[in-house]
Amino acid sequence: MDCRNEIAVVHNGIIENYDYLKLKLEKDGHVFKSETDTEVLAHLIEKYFHGNLESAVMEALKVVEGTYGIAVISSRDPQKIVAARRGSPLILGIGNQEYFITSDVSASLAHTRDVVYLDDNEVAILTKNGYETKTVQNVSTYKKVEEVLWNIDMIEKGGYAHFMLKEIHEQPQALRNAMRGRIDFTDGTITLGGLISREKELLETKRIVVVACGTSWHAGIVTEYMMEELLRIPVEVEYASEFRYRNPVIESNTLVIAISQSGETADTLAAMREAKHKGAKVLSICNVVGSTIAREADCGIYLHIGPEIGVASTKAFTAQITVLYLFAMHLMRLRNILTQSLPDMAQHIKSIPEKIQSILQREGEIVEIARRYKDTEHALYLGRGYNYPVALEGALKLKEISYIHAEGYPAAEMKHGPIALITKDMPVIFIATQDSVYAKVLSNIEEVKSRSGKVIAIATEGDGHIAGKVDHVFYIPKTSDVLTPLLSVIPLQLLAYHMAVMRGCNVDKPRNLAKSVTVE
Ligand code: M6R
């Protein structure tokens, strides 16, 4: 047969059996112009085309393995767009006599706030007379039109040079929004709408497993330390990509917490489905309302911090920790566990936004440190206890936007290998706040200094001791140990940002990275 160039496809996802399909199509006479898996879809739809585009798309998708969010047009069935999804997000924006097919609600926000979330194995057929939705098996479905509560201002830079910088500075307000209406600051009572009528399951929970990726995984480690300290419940934190393929042991009284800013991360979604399949209850911690993870979880807590657009996650990290702290307080009251006073905990979290603001006002000090180290090719981040995940997060921020090789480690692990990296030039960033492991961290600093390493310390205001031991120090206000990451991560976000900008990097769109990773 002749390929007639009459089908065009936009595709987000990966066609896993594309090799096999391509071979078969080539045997049938199809001629390929590229090496992409997406082109297979166009030829496949062409193969099944007999005058009606949606029928051809449905037939083609039956033999496809993998993930896709697609939009298809054909010159032989014009006046029609066919969209479909499996495993990749797909949203239909409903405008005024216009439609938008997107993989993220913020993409159509400038035109409409009315959206329809397509489900897996669903197809939407758009014509000038309207739209209809069906399953790939050609059964009609009914979809509710939902209103997105974000507005256009939220997806603009608002005078900042980059979204990342705007989002770093939004954190005080973002955390107030994440707490709004959820906490009684006098007695520490927590109200989480998404958990109403879940008390029985929460009381029966014997073990918590957190699944997440990237920065959300780091928030998961903070959660592990927090929940074990406050609730005395065993918590494990798993990379979602590992969890999904290793046949994990899950009992019915396991609560799985899926943390994902976007709510669309393919590995986290698959891990959550695996956990549900094994009988666990799943609680989602998402920012994007209506995202797949949020919709498929048994219950959830939204961050309510507005869209996060910079590829480097900043305000989502601090908001995830904030809502998980509220969740821990909620469980403490439910289970009558009084490891700490709930009113005191409420007062501690109440003061966090103001403390972050005071750190942001001293951004100039971080700019100076960034200027001093912007040309380094390596950096090491070390912390212990609650600041261990902050060390990981600081290193991730730096490497993803500045392309400087950075590693995060628990400080005491340094002597088991990374200490060999210490030179007089490489900056070692210690998070050395005055918490329960402060003295231990000080001795780790001495180990680095005695090898002529350069040390930048993030320390607690009023610490009169540390300045004499390190090369640079940035002070942050005192808070409870468990909330320290909310403060100690802020200078590290700023440091990564300014070093990247000074190196001429595109911080909002770093190379090779996407905001939401919808492929495995
Ligand atoms: O949307 P998610 O929270 O599920 O995303 C997870 C990671 O892809 C994300 O945190 C990524 O690591 C960021 N680029 C980190 O800044």
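Both ligands and their constituent atoms are indexed starting at 1 by order of listing.
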* Asked: In terms of heavy-atom contacts, does CD of Glu35 have more than 12 from other residues, nucleotides or ligands at under 6.0 Å?
  -> no
* Structure fact -> In terms of heavy-atom contacts, Phe100 and Ser108 come closest through CB-CB, 3.8 Å
* Is it the case that Arg362 places NZ or CZ above or below the six-membered ring of Phe474, under 6.0 angstrom from the centre and within 45 degrees of the axis? -> yes
* With hydrogens left out, which residues have an atom under 4.0 Å from ligand 1, given that only heavy atoms count? -> Cys213, Gly214, Thr215, Ser216, Ser260, Gln261, Ser262, Thr265, Val311, Ala312, Ser313, Leu396, Lys397, Glu400, Val517
* To do: For the pair His405 and His378, name the ring-plane relationship: parallel under 30°, tilted 30 to 60°, perpendicular over 60°.
  => perpendicular
* Is it true that Lys515 and Glu308 have a side-chain N and a carboxylate O under 4.0 angstrom from each other? -> yes
* Can Arg207 and Glu251 be counted as an ion pair, charged N to O under 4.0 angstrom? -> yes
